*Asks:* 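If you scroll down you'll find the structure; I have some questions about it.
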2 protein chains.
Amino acid sequence: MAWAGLSWLVDVCFTLEACGMTRSHRREIELGDAELEILKALWETGPATVREVMNRLRETSGRELAYTTVQTTLTRLEKKGCVTSRKAADSGQAHVFRAKVSRERISQSRLRALLEQLYDGSAAPLVVQLMETERFTPDEIVQLQSLIERLDDVAVNKKKKGKGG
Amino acid sequence: MAWAGLSWLVDVCFTLEACGMTRSHRREIELGDAELEILKALWETGPATVREVMNRLRETSGRELAYTTVQTTLTRLEKKGCVTSRKAADSGQAHVFRAKVSRERISQSRLRALLEQLYDGSAAPLVVQLMETERFTPDEIVQLQSLIERLDDVAVNKKKKGKGG
DNA sequence: GCTGTCCTCCGACAGATGTAGTAGATTGCC
DNA sequence: GGCAATCTACTACATCTGTCGGAGGACAGC
């Protein structure tokens, strides 16, 4: 399972938060579906050429895109600052593209937009909705439980601080 | 607060689930940002005319849109099956628009898309991300805790049922 | 050196979306 | 009956996105 632990994600999220990137930006990055799909392929493969991304799409999603379609999309992603490209000696003259934004960053950007658009920024309804409509494995439920406890601790600490200090 | 309880949302979600609408549809409804904003206004006002929606947008978001812009968007929403319109006796000749899809439905559709696009359909990472990066009030945390317990119960019951027949 | 292959760059085009103007019907009022 | 306000319907247009083709450069093999 990709669920060896939530910690990696938790860490990433904390990092983002530490960078002050969690609030205030309504919509940092706007990506279409195809762009996102290709970016996802790039996350999964790691740095890759146009052809590698194209193959990856075919193999994993059965998606048949023209070489130039992938290329155009990668170029647009580069223009948006989501990927970088450079020439690598070991890949002929083909450019190697590398994702510059993380999956979590995109995820957060989209979630934020969703929150603003649907619930005036309040996150709880979305969490509820996710928990109610999606399936979770028992393991995941345990993980979520511990996360909530952690949230709870933070809340309690804050309250203490607020009172005592 | 709008958080008198989560139960309404929970109910809606269960209803959706009962309708078999929770999985399998990749992308039922595609809405742009402006469309969503106007649909949101309609959720908030209840059935309303073009002008009322327009005013609502100005008052709540400071959004200044031309009358016809709102109208066009509402018409497009109607074509997409998200709203209905009819002539009401008490509103002159103006059509009264009414939201036909719920906020939760849209929310779910978008969340689902996000899940598929980013995490191959696995919901847990999104929940984690939301819980880590967004703020929750102590009350909300309590609510979430009880939800998790409920999830936990369901999981346990399933296990029992699976065993017992 | 020619040819085939692969790559990059550029241009193209259709559909969706955001935004709005205009024409013509309807209605209230003098 | 005519004018002003308001509404609907239609049209328009720029931008973004998805998708791709063709021109031309680089390189491997004959």
Side-chain angles (χ1 to χ4, degrees), chain A residues 26-42 47-55 57-58 61-97 106 109-110 113 117, chain B residues 26-41 47-55 57-58 61-98 106 109-110 113 117:
Chain A
R26 276 184 71 81
R27 208 66 167 305
E28 299 138 35
I29 303 170
E30 302 247 15
L31 299 179
D33 289 348
E35 290 171 336
L36 190 49
E37 188 170 6
I38 281 174
L39 184 53
K40 179 162 176 269
L42 209 52
T49 63
V50 171
R51 190 157 296 277
E52 286 162 355
V53 170
M54 192 180 97
N55 290 338
L57 288 173
R58 171 149 24 87
S61 338
R63 199 107 157 70
E64 295 279 0
L65 287 179
Y67 184 94
T68 47
T69 301
V70 178
Q71 187 187 35
T72 301
T73 307
L74 279 169
T75 304
R76 286 180 184 164
L77 282 170
E78 185 170 18
K79 196 168 297 174
K80 292 182 182 186
C82 295
V83 312
T84 53
S85 73
R86 61 185 167 72
K87 283 199 135 144
D90 60 344
S91 63
Q93 74 264 40
H95 290 183
V96 173
F97 290 84
I106 297 294
S109 170
R110 297 223 153 182
Q117 290 172 325
Chain B
R26 276 184 70 82
R27 208 65 169 306
E28 300 139 36
I29 303 169
E30 302 248 15
L31 299 179
D33 289 348
E35 291 171 336
L36 190 49
E37 187 170 7
I38 281 174
L39 183 54
K40 179 161 175 271
T49 64
V50 171
R51 191 157 296 279
E52 285 161 355
V53 170
M54 191 180 96
N55 290 338
L57 288 173
R58 172 149 23 86
S61 337
R63 198 106 156 71
E64 295 278 1
L65 287 179
Y67 184 94
T68 47
T69 300
V70 177
Q71 186 188 37
T72 301
T73 308
L74 279 169
T75 304
R76 286 182 185 164
L77 282 171
E78 187 170 19
K79 196 169 296 174
K80 292 182 182 185
C82 296
V83 312
T84 54
S85 74
R86 61 185 166 70
K87 284 197 134 147
D90 61 344
S91 64
Q93 75 264 40
H95 289 183
V96 173
F97 291 83
R98 171 191 301 268
I106 296 296
S109 171
R110 297 224 154 183
Q117 290 173 325

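These numbers come from a predicted model, not from an experiment. Below, read A as the first sequence line, B as the second, and so on, with proteins coming before strands; counting in each chain starts at 1.
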*Asks:* What is the distance, rounded to the nearest whole Å, between atom CD of Gln93(B) and atom P of dC7(D)?
*Replies:*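 Distance, rounded to whole Å: 7 Å.
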
*Asks:* Phe97(A) CZ to dC7(C) P: how many Å, rounded?
*Replies:*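 Those two atoms, CZ and P, are 11 Å apart.
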
*Asks:* Choose from dT8(C), dT17(C), dT27(C) the nucleotide whose nearest atom is closest to any side-chain atom of Arg76(B).
*Replies:*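 The nucleotide sitting nearest to the side chain is dT17(C).
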
*Asks:* Determine whether Asp33(B) and Gln117(A) make a side-chain contact, defined as any pair of heavy atoms from C-beta on separated by less than 4.5 Å.
*Replies:* yes

*Asks:* Give a yes/no answer on whether the side chain of Tyr67(B) brings an N or O atom under 4.0 Å of OP1 or OP2 in dC7(D).
*Replies:*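 Looking at the OP1 and OP2 atoms of dC7(D), one of them is under 4.0 Å from a side-chain N or O of Tyr67(B).
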
*Asks:* To the nearest Å, give me how far apart CG (Leu77(B)) and P (dG18(C)) are.
*Replies:*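 Between P of dG18(C) and CG of Leu77(B): 9 Å.
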
*Asks:* From dA20(C), dT6(D), dT8(D), pick the nucleotide closest to the side chain of Ala66(B)?
*Replies:*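 Nearest to the side chain of Ala66(B) among the choices is dA20(C).
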
*Asks:* Can you tell if the side chain of Arg110(B) reaches within under 4.5 Å of the side chain of Arg110(A), non-hydrogen atoms only?
*Replies:* no

*Asks:* Just the rounded figure in Å: distance from C1' of dA16(C) to CG of Leu36(B).
*Replies:*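 Distance check: Leu36(B) CG to dA16(C) C1' gives 16 Å.
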
*Asks:* At 4.0 Å (heavy atoms only), tell me whether Arg51(B) reaches a base, stays on the sugar-phosphate, or touches nothing.
*Replies:* sugar-phosphate

*Asks:* Out of dG21(D), dC7(D), dT19(C), which has the shortest distance to the side chain of Arg63(B)?
*Replies:* dT19(C)

*Asks:* Looking at every non-hydrogen atom in both residues, tell me the closest pair between Glu78(A) and Phe97(A) and how far apart they are.
*Replies:* OE1-CE2, 4.0 Å

*Asks:* Hey, which sits more toward the 5' end of DNA chain C by its nearest nucleotide, Lys80(B) or Leu65(B)?
*Replies:* Lys80(B)

*Asks:* Could you walk me through whether Leu42(A) and Leu74(A) pass the side chain to side chain contact (heavy atoms under 4.5 Å, CB included) check?
*Replies:* CA-CA 10 Å; Leu42(A) 209 52; Leu74(A) 279 169; 4.1 Å; yes

*Asks:* Which part of the nucleic acid, if any, lies within contact of Thr72(A), taking any heavy atom under 4.0 Å across all strands shown: a base, the sugar-phosphate backbone alone, or nothing?
*Replies:*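 It contacts base atoms.
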
*Asks:* Taking atom P of dT6(D) as reference, at what distance in whole Å does atom NZ of Lys87(B) sit?
*Replies:* 17 Å

*Asks:* Any Lys/Arg nitrogen of Glu37(B) or Arg63(B) sitting under 4.0 Å from an Asp/Glu carboxylate oxygen of the other?
*Replies:* yes

*Asks:* Round to a whole Å and report the spacing from NE2 of His95(A) to P of dC10(C).
*Replies:* 11 Å

*Asks:* With a 3.5 Å cut-off and heavy atoms only, can you find an N or O donor on one side and an acceptor on the other between the side chain of Gln71(A) and the base of dC9(C)?
*Replies:* yes

*Asks:* dC7(C), dT22(C), dT8(D): which one has an atom nearest the side-chain heavy atoms of Thr68(B)?
*Replies:*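 That would be dT22(C).
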
*Asks:* Toward the 5' end of DNA chain D, which comes first, Glu64(A) or Leu31(A), by nearest nucleotide?
*Replies:*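 Counting from the 5' end, the first nearest nucleotide belongs to Leu31(A).
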
*Asks:* Take the protein atom CD of Glu35(A) and the nucleotide atom C1' of dC20(D), then report the distance between them rounded to whole Å.
*Replies:* 16 Å

*Asks:* Would you say Thr69(A) reaches dG18(D)'s phosphate, i.e. side-chain N/O to OP1/OP2 under 4.0 Å?
*Replies:*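 False: Thr69(A) side-chain N/O out of range (4.0 Å or more) of dG18(D) OP1/OP2.
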
*Asks:* In whole Å, I'd like the distance from the CD atom of Glu30(B) to the P atom of dC16(D).
*Replies:*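 Interatomic distance, CD of Glu30(B) to P of dC16(D): 19 Å.
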
